[in-house]
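For reference, the structure discussed in these notes is given below.
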Amino acid sequence: MQKKNFVSMILGTIGGILFALGMCMCLLPEWGAFGPGVVIAAVGAVVLLVLVFVRRKMEGKPAVHWSGKAVGTVLLGVAGALVLGVGMCTTMIWNMLVPGILIGIVGIVLLLCLIPLIKGLK
């Protein structure tokens, strides 16, 4: 295994676990740990963001260049993830099954739109 892949695996695992645990702490009222959950999720998100820069540095690539396409891709990805999350919350938390499923499908379609945007149509 190459060093860059190993470092990416370790940072991705740590960041993903911290982010997921923080989200669970925020979203499960039984735990009563909303404040600490926000902090832990933010730390996980920062670790995942650092992963991007570390990976690019280890591959010898320049720093991230934000073009119009890159910003649009990020915004579409964030919007798709948020819509999918709202659909899941609508279904599981607010007990509205059909609207939640429909909102979730819209989020999935937004995320699927990323594939041709990133890879390009041939």
Side-chain angles (χ1 to χ4, degrees):
M1 176 181 281
Q2 293 179 342
K3 183 178 177 181
K4 64 183 176 183
N5 292 336
F6 181 73
V7 170
S8 297
M9 180 182 68
I10 297 299
L11 285 176
T13 301
I14 291 170
I17 288 173
L18 286 175
F19 187 76
L21 181 61
M23 289 290 101
C24 288
M25 291 170 72
C26 290
L27 295 174
L28 294 174
E30 297 86 14
W31 289 13
F34 183 81
V38 170
V39 173
I40 290 176
V43 169
V46 167
V47 170
L48 292 172
L49 185 62
V50 166
L51 167 63
V52 172
F53 295 109
V54 169
R55 177 74 182 200
R56 289 187 66 82
K57 180 75 172 176
M58 291 181 85
E59 290 178 346
K61 293 182 179 178
V64 177
H65 175 69
W66 291 99
S67 65
K69 181 180 177 184
V71 172
T73 303
V74 169
L75 290 177
L76 182 62
V78 169
L82 287 174
V83 171
L84 179 59
V86 168
M88 290 191 317
C89 285
T90 304
T91 301
M92 295 186 296
I93 307 272
W94 301 319
N95 293 325
M96 294 188 286
L97 184 65
V98 174
I101 290 173
L102 294 176
I103 293 170
I105 289 172
V106 170
I108 291 170
V109 168
L110 285 174
L111 291 172
L112 287 174
C113 289
L114 285 171
I115 296 171
L117 186 63
I118 292 173
K119 297 290 183 184
L121 298 174
K122 299 203 179 199

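Everything quoted here is computed from the prediction, not taken from an experiment.
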Is Val106 linked to Val78 within one hydrophobic cluster, defined over Ile, Leu, Val, Met, Phe, Trp and Tyr using a side-chain heavy-atom separation of less than 4.5 Å?
-> no
Can you check whether Leu111 reaches Leu114 side chain to side chain, under 4.5 Å on heavy atoms?
-> yes
Atom of Cys113, atom of Pro116 and distance for their closest heavy-atom approach | O-CD, 3.3 Å
N/O donor to acceptor pairs below 3.5 angstrom from side-chain atoms of residues 8-30, sequence neighbours left out:
residue	atom	partner	partner atom	Å
Ser8	OG	Lys4	O	2.8
Ser8	OG	Arg55	NH1	3.0
Thr13	OG1	Met9	O	2.7

Working to the nearest 0.5 Å, report the span between CG of Leu117 and CG of Leu112.
-> 12.5 Å
Which atom pairs, one a donor and one an acceptor, fall under 3.5 Å between side chains of residues 80-95 and the rest of the protein, sequence neighbours left out?
residue	atom	partner	partner atom	Å
Thr90	OG1	Val86	O	2.7
Thr91	OG1	Gly87	O	3.0

In one Ile/Leu/Val/Met/Phe/Trp/Tyr side-chain cluster, 4.5 Å: Leu75, Ile115 | no
Do Val46 and Val54 share a hydrophobic cluster, counting only Ile, Leu, Val, Met, Phe, Trp and Tyr and linking them when any side-chain heavy atoms are less than 4.5 Å apart?
-> yes
Answer yes if Ile105 and Val98 sit in the same cluster of Ile, Leu, Val, Met, Phe, Trp and Tyr residues linked by side chain heavy atoms under 4.5 Å apart, and no otherwise.
-> no
Can you sort out the partners of Arg56 under salt bridge (Lys or Arg N to Asp or Glu O under 4.0 Å), two or more places apart, ordered by chain and number?
-> none
Rounding to 0.5 Å, atoms CE (Met58) and CZ (Phe53) come to a distance of 16.0 Å
